[in-house]
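Here is the naming used below: chain letters follow the sequence lines, and residue numbers restart at 1 for every chain. These numbers come from the heavy atoms of this one structure, side chains and all, not from hydrogens, waters or symmetry mates. What you see is a predicted model; the values in this text were computed from it and never measured.
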Amino acid sequence: MSDPIQKDLNEQQAAAVMHGRGPLMVLAGAGSGKTRVVTRRIARLLREGVRGSEILAMTFTNKAAGEMAHRVQDLGGPFVRIATFHSACARFLRADAALLGYPEHFTIYDTYDRDSAIRSLLEDLGLDRLKVKPSAVGSTISRLKNTCMSPQDLATGSSDLARVVEQVWQPYRDRMKQLGAMDFDDLLLNFLKLLREHPDTAEQYRARFSWILVDEFQDTNRVQYDLLRELAPKDGNVCVVGDPDQSIYGFRGAEIRNILDFEDDYPGTTVVRLEQNYRSTAVILRAAETVIANNKQRKHKRLRTDNEEGQPLYLFRAAGAAEEAQTIADRIHGLLGEDVSLDEIAIFYRTHWLSRSIEQALKDKGIPYEILGGLSFFERREIKDLLAYLRVLVNPLDDVSMERVINVPTRGIGKSSVDKLKRAGHEAGMSLREAVGEPSLHAIVPPKARKALQQLAAVLDKAQAATASLGAHGALAAILEGTDYLNHATSLGDPEDIAREENIQELVSDVTAFDEKNEEGLGGYLQHVSLLTSQDRAQDDGPRVQMMTVHAAKGLEFDHVFLVGLDEGVFPSMRSVDTEDGIEEERRLMYVAITRGRRTVFCSSAKERMINGQTDRMQPSRFWKELPKDCVQAYESKWHSFEQEPDSGEAWSVDPDPGLEATVAIQRGLRVRHDLFGNGVVRSVSGRGGSMRAVVRFLDGVERELILEYAGLKVVDHGADW
DNA sequence: CCCGGTAAACTTTTT
DNA sequence: GTTTACCGGG
């Protein structure tokens, strides 16, 4: 068959691709060609005359969305916009924001901004000083929103947190509206609200999107499900694709129920099961299936494969994290010798902090690697500062952003001045930005601050004018020039100066590139970047070993997979072991991790691990024991008599007194030696006793701040002339 | 108001 | 080990 759309499809895949009208649910097991089915189905619809604008396809990550759009084009289709739930809602909301009393260019707050807003709210309400953290309040509110609950549903009165949440709940909503801001959850909730309160508008959306497709359906939460029901009537042309065994986002409100009960909610649903795995060896698949079979809440599904048996899963139980890391680095080195490409190797872990020891081992062996996730480009301080300036230009109501930068770079407008100005502005019905631009309100602050405010207002006005005439990059240039921010961020005298300069340059290029490709201006740019995540910036520096959390690994596949930290209390995580549901979700995570591997899977655990500064004894994970015996084999480490790492604690635990002596002797100008970083010179010393620390400049030119008690510095000599 | 120093908390997982 | 928040002197 030469038709590219039907080429090489098995019977079930073809059924899903060719299905006509009416609800369709595709239960796609791991590695069963899900993406292929989705993209071909879209391509097929387009070929049969459906216009791209009639299709609403939603995924959970920008990466998945981009990949799908790309593959549809490869099949000869036109460009179709495939969006994440959040970006689709943001776009729709922008068009109809006025209906909800929001400005068109509302600001999207990330978790950090949200917590800033809550912190300021707690202060205003006099609820600070209770030791409730804004982030705890923020995440509780988020959880409630995602599950369509209200504070009354919390176990009432039992905790300070519950009480604070109850008191902040409504004020937070009011404040966000006043700020012209929405958090991630609001994007979904407010769009749902829009559809429900404006039936005519809802009808327009239903008429506009006659074909709806949702990927990773097992990860939808209640709000997303309700949105779908608003957009797609019971007999609508809605196609959902997912795998209940890969539902791993329960913590942010995802309900597997949505996929388990889809057939009940959409009567007459056609169900297609993709049960042929094309990805992994038979051994890997059998191991994964055996583990997941321990879950009780499952939809019946059984994966088959015609692939070869393959190598057993290697199990390695290390003495500690250092041995675990070095053994993995060692084995990767071996794989590279067998002509395996670096980017076909991936290392997965349950939490980010497990990556540290691995990172060190790879660095030592000179193996190139890349860590996905963690701090994203747009979460860096200097970038957030500049974006805050830009946000204020587009949305003058955004006090959180204005407050962030009103004294950055420091210009003599301290906290008390800001508070005064805020209050005065508030009484006059003005936002902070407006108060900054209102000279009559400046009298209440000291002369120095007054002058600074006038200058700041001038810079903002100038940047605003530049936005209109030159677009987003003009605005950024005006801010950079008016505030001297580049100089401020790159003269702190620490080693990050260079990185910050590069980041700012990159932001400039990014903004400029956006202006060249888009007509949406600064507002469009800000909305665009608000929804980007750390996964979305693919830097192409040649092939590298990929390191990421198991969550981030979903949807990806690699020839060789390393799964580290299979310790009870780490994976499954300590917080999950209390409940059956928690354990089942962790087990699904395990299933996701194993099924990423095409050829080999290597699992490791450690007998002891440093957690929160103290070394704990670890038991192997229960999932480790659930792996079938006939699929596993103990890994023979090359390290027959493993050499204890110098930094593994023995240096000072065996003989702490001499170490302490040495720390007392550390002083500025001394040449010292660190076990990991090598030789360096002490630049400054601070603190005393147990928290005494020193800034040391090492031979690689990097200055590091070290806690003397832990660092185990040794004095080399008195090379004073550095 | 700013900066340096000191102490404490911190580690799920993400749009 | 790292990062951030708070406190007190200049």
Legend entry - Along DNA chain B (nearest heavy atom to each residue), the more 5'-positioned of Ile413(A) and Arg350(A): Ile413(A)

Legend entry - P atoms of dT11(B) and dC6(C), separation to the nearest Å: 16 Å

Legend entry - Distance in angstrom units between Lys415(A) NZ and dC3(B) C1', rounded: 18 Å

Inset, instruction - Would you mind telling me which of dT14(B), dC1(B), dT15(B) lies closest to the side-chain atoms of His352(A)? - result: dT14(B)

Legend entry - From Lys193(A), Lys145(A), Arg114(A), residue fulfilling side-chain hydrogen bond (donor to acceptor under 3.5 Å, both in side chains) relative to Asp186(A): Lys145(A)

Inset, instruction - Look at Lys133(A) and dC10(B) and indicate whether a side-chain polar atom (N or O) is within less than 4.0 Å of OP1 or OP2. - result: yes

Legend entry - Closest nucleotide among dT13(B), dC2(B), dT15(B) to the Thr111(A) side chain: dT15(B)

Inset, instruction - Starting at atom CZ of Arg411(A), determine the distance to atom C1' of dC1(B), rounded to an integer number of angstrom. - result: 15 Å

Inset, instruction - Could you state the atom-to-atom distance from CD of Gln246(A) to C1' of dT13(B) in whole Å? - result: 15 Å

Legend entry - Pairing of Asp215(A) and Lys34(A) as salt bridge, 4.0 angstrom limit: yes

Legend entry - C1' spacing across the pair dT13(B) / dT4(C), given as an integer number of angstrom: 23 Å

Inset, instruction - Any chance you could measure Leu122(A), atom CG, to Tyr172(A), atom OH, to the nearest 0.5 Å? - result: 11.5 Å

Inset, instruction - Could you tell me how the ring of His528(A) sits relative to the ring of Tyr525(A): parallel (under 30°), tilted (30 to 60°) or perpendicular (over 60°)? - result: tilted

Inset, instruction - Report the distance from atom CG of Leu531(A) to atom P of dT14(B), rounded to the nearest whole Å. - result: 16 Å

Inset, instruction - Select base, sugar-phosphate, or nothing to describe what Ser87(A) touches, counting heavy atoms under 4.0 Å on all strands. - result: nothing

Inset, instruction - Measure from NZ or CZ of Arg257(A) to the centre of the six-membered ring of Tyr225(A) and say whether it is under 6.0 Å with the direction within 45° of the ring axis. - result: yes

Inset, instruction - Please work out if Asn407(A) contacts a base, only the sugar-phosphate, or nothing of the nucleic acid, heavy-atom cut-off 4.0 Å. - result: sugar-phosphate

Inset, instruction - With Arg252(A) as the cation and Tyr249(A) as the aromatic partner, state whether NZ or CZ is under 6.0 Å from the six-membered ring centre and within 45° of the axis. - result: yes

Legend entry - Nucleotide-level pairing of DNA chain C, given in dot-bracket where Watson-Crick and G-U pairs need both distances under 3.5 Å and | marks other strands: ||||||||||

Legend entry - Among dT11(B), dC1(B), dT15(B), the nucleotide that comes nearest once only the side chain of Ser416(A) is considered: dC1(B)

Legend entry - Spacing between Ile248(A) atom CD1 and dT14(B) atom P, to the nearest angstrom: 9 Å

Inset, instruction - State which of dT14(B), dT15(B), dC3(B) makes the closest approach to the side chain of Tyr249(A). - result: dT14(B)

Inset, instruction - Give a yes/no answer on whether the side chain of Ser417(A) brings an N or O atom under 4.0 Å of OP1 or OP2 in dC1(B). - result: yes

Legend entry - Positive for ring pair (Phe, Tyr, Trp, His ring centres under 6.0 Å) with His551(A), one of Phe60(A), Tyr349(A), Phe251(A), Phe348(A): Phe251(A)

Inset, instruction - Take atom CG of Asp115(A) and atom P of dT4(C), then tell me their distance rounded to the nearest Å. - result: 14 Å

Inset, instruction - Would you mind reading off the distance between Asp113(A) atom CG and dT14(B) atom P, rounded to a whole angstrom? - result: 18 Å

Legend entry - Aromatic-base stack, Phe251(A) on dT14(B), cutoff 5.5 Å, angle under 30: no

Legend entry - Any donor-acceptor pair under 3.5 Å from Asn190(A) side chain to Leu100(A) backbone: no

Legend entry - Length of the NZ-C1' vector between Lys448(A) and dC1(B), whole Å: 6 Å

